4 protein chains.
Amino acid sequence: MAEEPRHDDKLARILRTAAAIFADKGYHEASIRDISRATGISLSGLYYYFRSKEELLFLIQDHCFGTVLDNLERLLEGVMDPHRRLRLLVENHLRFFVSNMKEMKVLSHEAGSLTGDYRKRVNEKKRRYTELCTATLQELRPASPIDLRVATFALFGMMNWIYNWYHADRDVPVAELAEDLSQLFLQGYLGDAGLVPAGAAERAPGEARPSIWRRTS
Amino acid sequence: MAEEPRHDDKLARILRTAAAIFADKGYHEASIRDISRATGISLSGLYYYFRSKEELLFLIQDHCFGTVLDNLERLLEGVMDPHRRLRLLVENHLRFFVSNMKEMKVLSHEAGSLTGDYRKRVNEKKRRYTELCTATLQELRPASPIDLRVATFALFGMMNWIYNWYHADRDVPVAELAEDLSQLFLQGYLGDAGLVPAGAAERAPGEARPSIWRRTS
Amino acid sequence: MAEEPRHDDKLARILRTAAAIFADKGYHEASIRDISRATGISLSGLYYYFRSKEELLFLIQDHCFGTVLDNLERLLEGVMDPHRRLRLLVENHLRFFVSNMKEMKVLSHEAGSLTGDYRKRVNEKKRRYTELCTATLQELRPASPIDLRVATFALFGMMNWIYNWYHADRDVPVAELAEDLSQLFLQGYLGDAGLVPAGAAERAPGEARPSIWRRTS
Amino acid sequence: MAEEPRHDDKLARILRTAAAIFADKGYHEASIRDISRATGISLSGLYYYFRSKEELLFLIQDHCFGTVLDNLERLLEGVMDPHRRLRLLVENHLRFFVSNMKEMKVLSHEAGSLTGDYRKRVNEKKRRYTELCTATLQELRPASPIDLRVATFALFGMMNWIYNWYHADRDVPVAELAEDLSQLFLQGYLGDAGLVPAGAAERAPGEARPSIWRRTS
DNA sequence: AATGAATGAGGGTTCATTCAT
DNA sequence: CATGAATGAACCCTCATTCAT
């Protein structure tokens with residue numbers, strides 16, 4: 001007797017599929033029909049799971065960002081050293097980015113595609129995330145000659161841009177990517193304040209990539 | 001007797017207007033009707049200036065990238081010091097970015113919206129531009145522990161991301177932006193190789209911002 | 001211990017609610033989902049009470065018209081004077097109209113929305129009702145210079161149109177409405193045949209308005 | 001060489017066709033595709049002539065009501081006798097109603113289908129028309145025992161209801177219809193104030209029915 | 001007696017594009 | 001050079017209805 005998939009699992013599958021399609025064709029170019037085709041669910045049947053195409057985008061972005069944020073906050077619990085905090089932020093961000101590239105591309109590239117309340121809610125999460133980063137940078141080097149906003153968004157730019165060029169199969173592995181970007185940014189931001197010890201927070205080999213959609217039942 | 005605007009000027013006006021619209025609404029969400037409305041030229045009248053919407057996007061990206069590239073090549077003529085070359089690249093890039101934010105957003109954000117031959121032609125220019133950067137970085141620190149591709153695209157990410165956050169009126173001026181990003185990246189990339197002399201290539205005060213559409217007849 | 005509502009009561013509630021919605025938005029613009037929402041019964045749950053949306057409309061119209069017709073026939077029992085018979089018809093019609101405006105609007109406005117057998121069955125009742133009126137008018141003035149059909153439908157037009165303008169709170173009370181319309185029509189139809197004594201069939205004060213849905217168990 | 005129909009003529013044809021379809025199936029049940037089929041114009045081609053289905057309904061109602069109102073005002077010019085004025089109103093109303101039954105049915109039956117500004121604009125015309133009638137009735141019998149609003153809408157009810165029953169081929173001719181309704185209403189409203197002279201404003205035989213869409217070049 | 005999940009058909013509307021003038 | 005008029009394809013979404021449970 002086959003297990004019937006639960007409602008939430010089915011929704012998760014739809015979101016995952018839709019994210020891939022949005023990532024490939026772009027949100028506006030993708031059609032609900034594409035998603036219907038890819039999921040095997042009828043066009044109208046999809047509307048049982050979301051109210052509108054925009055809500056679908058919102059659900060993806062919200063879930064995606066929510067996971068990143070939650071995980072980060074869990075990671076940072078009890079960690080006070082700003083150096084280490086930043087390193088964890090970068091690693092968490094990149095690890096998710098590479099493991100869930102499609103979803104993160106949608107998050108990065110389709111930021112402006114939400115409107116109204118949906119936009120506000122996602123932006124609120126973004127603001128929290130950004131502030132967390134800015135505060136850490138501030139603490140890290142209170143009298144930095146580099147503008148804080150510039151530094152913050154330089155870091156996010158470095159990280160978010162990867163959906164434009166990074167190919168897991170052709171490029172360095174994630175750990176090295178994280179290492180390189182961390183070093184690049186920290187050395188740059190701290191100046192002569194010293195180097196970062198490499199490999200600080202590497203995942204054990206064989207450990208699964210963190211998926212945004214995995215149910216943690 | 002009023003001067004009749006020449007064909008090229010009119011096209012430039014159309015491209016500028018279209019770029020602004022593409023930047024605001026995104027390429028796929030913008031309609032030719034929007035451009036017709038904004039330019040005051042009839043829907044069908046526009047097709048005298050371009051063959052298709054995609055060609056319009058191509059013309060914008062090509063013109064835009066061409067200008068950046070040309071200017072950079074002119075600037076680099078005779079400059080051999082890789083340190084100085086990189087600094088010029090960053091300055092040129094950022095200056096254009098901030099002066100022609102709408103166009104550069106279209107260039108950055110709508111990279112994937114071109115197809116076929118159009119895409120190939122723009123990508124060719126991008127490749128040249130990227131290689132120019134990679135080569136300079138290579139020369140700058142031949143034995144860098146940081147992967148060259150990572151470094152290159154970290155730099156571009158930092159710079160191209162600015163359309164997502166930079167507001168000319170709320171943020172630091174361009175010169176400082178360029179200074180901060182240069183320092184951030186170079187310090188980061190070079191490690192303990194020393195600091196960059198600030199303000200190396202600043203524009204003389206009063207000099208006009210470089211416009212991508214200005215005719216240099 | 002709470003009384004479980006009986007099947008018929010629940011159906012009556014559904015019909016009443018649906019009638020209000022059909023009256024407000026029109027039959028075709030109203031959706032079964034609207035009715036589901038308003039009744040608190042699930043979409044599919046409603047289909048236990050009717051086979052199709054059209055049957056729902058039919059049930060409303062049939063019940064509604066049936067009540068009007070039954071009441072009229074009871075009222076007319078034993079009354080032979082055509083003058084008095086017409087007066088009773090008008091009063092009965094208007095009283096129900098104003099007391100059950102939503103339902104009567106559905107009856108008047110959505111006459112053409114039924115098809116096939118449903119339409120036939122309602123039309124049959126309408127024919128009986130109309131003929132009852134026509135016959136009375138004929139008897140009232142056998143040699144009227146006014147065409148009988150014209151007179152009949154002029155009367156119904158006067159009465160049925162009220163859903164387009166009558167507001168119980170801003171207009172004259174029903175009794176006066178009935179009085180005015182009766183007088184207007186009878187004087188018009190009879191010509192110099194004399195006036196109608198006013199207030200002939202008024203309801204006793206305090207007597208409840210007749211509801212179409214009230215169970216008379 | 002065939003005459004190309006002018007833009008306005010083509011629009012008029014579309015409106016006429018659409019009115020017939022709206023009358024037959026009702027506004028909400030009719031689809032733009034129905035109109036496309038009936039006019040032979042492609043679905044999207046229709047949108048060159050109106051912005052939305054609702055605007056199409058508005059155009060029909062506005063044009064239709066505008067014509068009735070204009071004609072009435074022209075007819076009433078210089079006529080002071082309220083008796084005669086009312087007679088002209090009724091004749092004008094009924095003549096148009098019967099000659100343009102489809103359009104007038106749309107006007108009567110779909111009054112509530114417009115929203116927002118469209119509705120306001122049509123209602124404004126309706127208010128003027130109604131007031132013109134009310135004022136005449138008031139003048140006709142200043143101390144009528146019948147409520148003015150009741151009288152006004154009784155008249156309109158009588159007249160507008162005809163789309164529900166009148167068949168040009170089975171019923172009395174328009175002239176007689178107008179005659180009967182006028183007499184019915186006037187006798188009713190005036191009471192013993194005397195009879196109306198019959199046939200006051202009959203059209204000469206052979207004279208064309210007034211069409212709402214006829215161009216008066 | 002009631003519901004969650006699903007569907008086919010069809011709705012109004014917009015789009016890039018064309019072509020005769 | 002420029003435009004008014006037109007079109008086919010595709011869009012998102014809603015609908016009444018069903019069926020297993």
Side-chain angles (χ1 to χ4, degrees), chain A residues 4-7 10-11 27-36 39-57, chain B residues 4-7 10-11 27-36 39-57, chain C residues 4-7 10-11 27-36 39-57, chain D residues 4-7 10-11 27-36 39-57:
Chain A
E4 273 296 302
R6 293 199 5 233
H7 179 280
K10 209 158 180 189
L11 175 57
Y27 168 70
H28 281 99
E29 306 80 282
S31 78
I32 302 283
R33 276 161 178 86
D34 291 333
I35 293 160
S36 162
T39 53
I41 300 173
S42 76
L43 190 55
S44 45
L46 287 172
Y47 280 82
Y48 183 75
Y49 293 93
F50 48 83
R51 263 197 258 288
S52 67
K53 193 187 176 189
E54 194 177 5
E55 185 180 284
L56 173 56
L57 176 58
Chain B
E4 275 295 303
R6 295 200 3 233
H7 177 280
K10 214 160 175 188
L11 175 57
Y27 168 70
H28 281 98
E29 307 79 285
S31 76
I32 303 281
R33 269 164 175 86
D34 290 333
I35 293 159
S36 159
T39 54
I41 300 174
S42 79
L43 196 53
S44 35
L46 287 171
Y47 279 81
Y48 177 77
Y49 294 94
F50 49 81
R51 253 196 270 291
S52 69
K53 193 187 177 190
E54 194 176 7
E55 184 181 281
L56 173 57
L57 178 58
Chain C
E4 275 296 302
R6 294 196 5 228
H7 177 281
K10 214 161 176 188
L11 175 56
Y27 168 69
H28 281 98
E29 306 80 285
S31 75
I32 303 282
R33 269 165 174 87
D34 289 333
I35 292 159
S36 161
T39 53
I41 301 173
S42 77
L43 196 53
S44 37
L46 287 171
Y47 280 81
Y48 177 77
Y49 294 94
F50 48 83
R51 252 196 270 290
S52 69
K53 192 187 178 190
E54 194 175 7
E55 183 180 282
L56 173 57
L57 177 58
Chain D
E4 273 297 301
R6 293 200 6 233
H7 178 280
K10 209 156 179 191
L11 175 57
Y27 169 69
H28 281 100
E29 305 81 282
S31 78
I32 303 282
R33 277 162 176 87
D34 290 334
I35 293 160
S36 162
T39 54
I41 300 175
S42 75
L43 191 53
S44 44
L46 286 172
Y47 280 80
Y48 183 75
Y49 293 92
F50 48 82
R51 263 197 260 286
S52 68
K53 192 186 177 191
E54 194 176 8
E55 183 179 284
L56 173 57
L57 177 58

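Only this structure's heavy atoms are used, side chains among them; waters, hydrogens and symmetry mates stay out. Keep in mind the model is a prediction, meaning the values are calculated, not measured. Within every chain, numbering begins at 1; the chains are lettered A, B, ... in the order of the sequence lines, protein sequences first and strands thereafter.
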Query raised in the report: Would you find a donor on one side and an acceptor on the other, under 3.5 Å apart, between the side chain of D/S36 and the backbone of D/I32?
Result: no

Query raised in the report: How many Å lie between CZ on A/R6 and P on E/dG4, as a whole number?
Result: 16 Å

Query raised in the report: Counting any heavy atom closer than 4.0 Å, what does D/H7 reach on the DNA or RNA strands: base, sugar-phosphate only, or nothing?
Result: sugar-phosphate

**Report entry** Nucleotide E/dA6, atom C1' - distance to OH of A/Y49 in whole Å
**Finding:** 8 Å

Report summary line: Distance col, row B/Y49:OH vs B/E55:CD, nearest 0.5 angstrom, shows 14.0 Å

Query raised in the report: Has D/K10 got a side-chain N or O lying under 4.0 Å from the OP1 or OP2 atom of F/dG4?
Result: no

Requested in this report: Produce a footprint string for nucleotides 14-21 of chain F: one letter per nucleotide, 5' end first; B if the base is under 4.0 Å from any protein heavy atom, S if only the sugar-phosphate is, - if neither.
Outcome: BBBBBB--

Report summary line: When rounded to the nearest 0.5 Å, the distance separating CG of D/L43 from CZ of D/R33 is 5.0 Å

Query raised in the report: How many angstroms lie between CG in A/L56 and CZ in A/R51, if you round to the nearest 0.5 Å?
Result: 13.0 Å

**Report entry** Inter-residue atom distance D/T39.OG1 - D/L46.CG, 0.5 Å rounding
**Finding:** 4.5 Å

Requested in this report: Runs of at least three consecutive Watson-Crick or G-U pairs, both distances under 3.5 Å, are what I'm after; which ones involve DNA chain F?
Outcome: E:2-21 with F:2-21

Requested in this report: Starting from P on F/dG8, measure out to CG on D/L46 and report it in whole angstrom.
Outcome: 12 Å

Query raised in the report: How long is the span from the CD atom in C/E29 to the OH atom in D/Y27, to the nearest 0.5 Å?
Result: 9.5 Å

Report summary line: Separation between NE2 (B/H28) and CG (B/L57), nearest 0.5 Å, reads 8.5 Å

Query - Heavy-atom donor-acceptor pair, D/K53 side chain to D/A30 backbone, under 3.5 Å - result: yes

